[in-house]
S.K.: 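The structure is given below, and queries will be raised subsequently.
The model shown is predicted, which means the values in this text are computed figures rather than measured ones.
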Amino acid sequence: QVQPVESGGGLVQAGGSLRLSCAASGRTFSSRAMGWFRQAPGKERKLVAAISWSGYSTYYADSVKGRFTISRDNAKNTVYLQMNSLKPEDTAVYYCAALVTFAIPEVFGSWGQGTQVTVSS
């Protein structure tokens, strides 16, 4: 089972960039699709980006398409989320998690503790 630990969040001005990392323990990491989710105060947690086990296929929510890039390094058991041109509406706690499959972007296993991203206007 994949146990994720997120890092890299912080406070940034609108238009700035952040790179989130998700270090995942578990021998099955390299065979699992992974996803980044976010949850803003008072709102439900939503998937913003996903990547297949090979890294060949990616998915982005419309709200982040063209600004965020998901990638992975299976040798390091790590998934990244490069966030550019950040907007105040990107403010949220960001989580990564293993997915059932890339085609079934439901969480498989545990959530991490999340990392806070705050974008000031």
Side-chain angles (χ1 to χ4, degrees):
Q1 192 169 354
V2 175
Q3 179 62 50
V5 178
E6 303 92 341
S7 63
L11 174 63
V12 63
Q13 288 188 331
S17 298
L18 282 174
R19 188 194 196 201
L20 306 184
S21 298
C22 172
S25 61
R27 290 180 291 176
T28 61
F29 172 84
S30 60
S31 63
R32 283 284 170 197
M34 297 292 294
W36 280 99
F37 298 75
R38 69 185 182 187
Q39 186 168 21
K43 296 188 177 181
E44 63 181 19
R45 194 173 301 185
K46 291 187 176 181
L47 179 70
V48 295
I51 189 166
S52 61
W53 67 270
S54 65
Y56 184 78
S57 298
T58 56
Y59 158 84
Y60 298 96
D62 287 343
S63 58
V64 307
K65 201 171 293 183
R67 301 187 298 121
F68 289 12
T69 302
I70 189 171
S71 62
R72 68 189 297 160
D73 184 339
N74 285 344
K76 296 182 178 180
N77 274 23
T78 303
V79 179
Y80 305 97
L81 186 67
Q82 177 67 44
M83 306 186 296
N84 298 329
S85 301
L86 283 162
K87 304 176 181 180
E89 51 263 43
D90 294 318
T91 295
V93 179
Y94 284 71
Y95 302 87
C96 76
L99 304 177
V100 174
T101 68
F102 183 75
I104 306 175
E106 299 174 3
V107 173
F108 179 87
S110 305
W111 291 103
Q113 84 287 351
T115 187
Q116 175 71 48
V117 172
T118 302
V119 184
S120 62
S121 57

S.K.: Once salt bridge (charged side-chain N to carboxylate O under 4.0 Å, His left out) is applied, what residue pairs with a partner in residues 63-78 remain, sequence neighbours excluded?
M.R.: D62-K65, R67-D90
S.K.: Quick check on the hydrophobic clustering: are Y95 and L81 connected, directly or via other members, by side-chain heavy-atom contacts under 4.5 Å?
M.R.: no
S.K.: Checking T101 side chain against I104 main chain: does a donor-acceptor pair fall under 3.5 Å?
M.R.: yes
S.K.: Indicate yes or no: at least one non-hydrogen side-chain atom of L20 is less than 4.5 angstrom from one of V117.
M.R.: yes
S.K.: Does any part of the side chain of Q116, heavy atoms only, come nearer than 4.5 Å to the side chain of Y94, both counted from C-beta?
M.R.: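 Sidechains of Q116 and Y94: no contact.
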S.K.: Determine the sole option in R38, K87, K46 for which the side chain to side chain contact (heavy atoms under 4.5 Å, CB included) test with S63 is passed.
M.R.: R38
S.K.: Are any of the side-chain heavy atoms of L47 and P105 separated by less than 4.5 Å?
M.R.: yes
S.K.: Could you tell me which non-hydrogen atom of A97 sits nearest to which non-hydrogen atom of V107, and how far apart they are?
M.R.: CB-CG1, 3.8 Å
S.K.: Could you tell me if the side chain of Q82 sits less than 4.5 Å from the side chain of S71, heavy atoms only?
M.R.: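 With C-beta onward as the side chain, the pair stays apart.
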S.K.: Between N77 (side chain) and S25 (backbone), is there a donor-acceptor pair under 3.5 Å?
M.R.: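 Answer holds: no.
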S.K.: Is it the case that one hydrophobic cluster holds both L99 and V79, taking links as side-chain heavy atoms less than 4.5 Å apart, direct or via other members?
M.R.: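 No, separate clusters.
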S.K.: Hey, does the side chain of Q113 reach the backbone of E6 with a donor-acceptor pair shorter than 3.5 angstrom?
M.R.: yes
S.K.: Is the shortest side-chain heavy-atom distance between W111 and R45 below 4.5 Å?
M.R.: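 In short, these two side chains touch, coming nearer than 4.5 Å.
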S.K.: Test: ring pair (Phe, Tyr, Trp, His ring centres under 6.0 Å). Region: residues 57-93. Which pairs qualify, not counting sequence neighbours?
M.R.: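 As it turns out, there is no ring pair (Phe, Tyr, Trp, His ring centres under 6.0 Å) pair with a partner in residues 57-93 once direct neighbours are skipped.
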S.K.: Between R32 (side chain only) and V100 (backbone N and O only), is there a donor and an acceptor less than 3.5 Å apart?
M.R.: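 Yes; at least one donor-acceptor contact below 3.5 Å.
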S.K.: Does the side chain of L86 reach to within under 4.5 Å of the side chain of L18, using non-hydrogen atoms?
M.R.: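 Yes, side chains in contact.
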S.K.: Between S21 (side chain) and S7 (backbone), is there a donor-acceptor pair under 3.5 Å?
M.R.: no
S.K.: Counting only N and O atoms by type, is there a donor-acceptor contact under 3.5 Å from the side chain of T115 to the main-chain atoms of G9?
M.R.: yes
S.K.: In the single-linkage hydrophobic clustering (I, L, V, M, F, W, Y; side-chain heavy atoms under 4.5 Å), do F108 and F37 co-cluster?
M.R.: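 As far as the 4.5 Å side-chain criterion goes, F37 and F108 are not connected within one cluster.
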S.K.: On a heavy-atom basis, which atom in S85 and which in S17 lie closest, and how many Å separate them?
M.R.: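 Smallest heavy-atom distance, with atoms named: N-OG, 4.4 Å.
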S.K.: Quick one: does S52's side chain have a donor or acceptor within less than 3.5 Å of a partner on S57's backbone?
M.R.: yes
S.K.: Assess whether side chain to side chain contact (heavy atoms under 4.5 Å, CB included) is satisfied between S30 and W53, documenting all intermediate values.
M.R.: CA-CA 6 Å; S30 60; W53 67 270; 6.0 Å; no
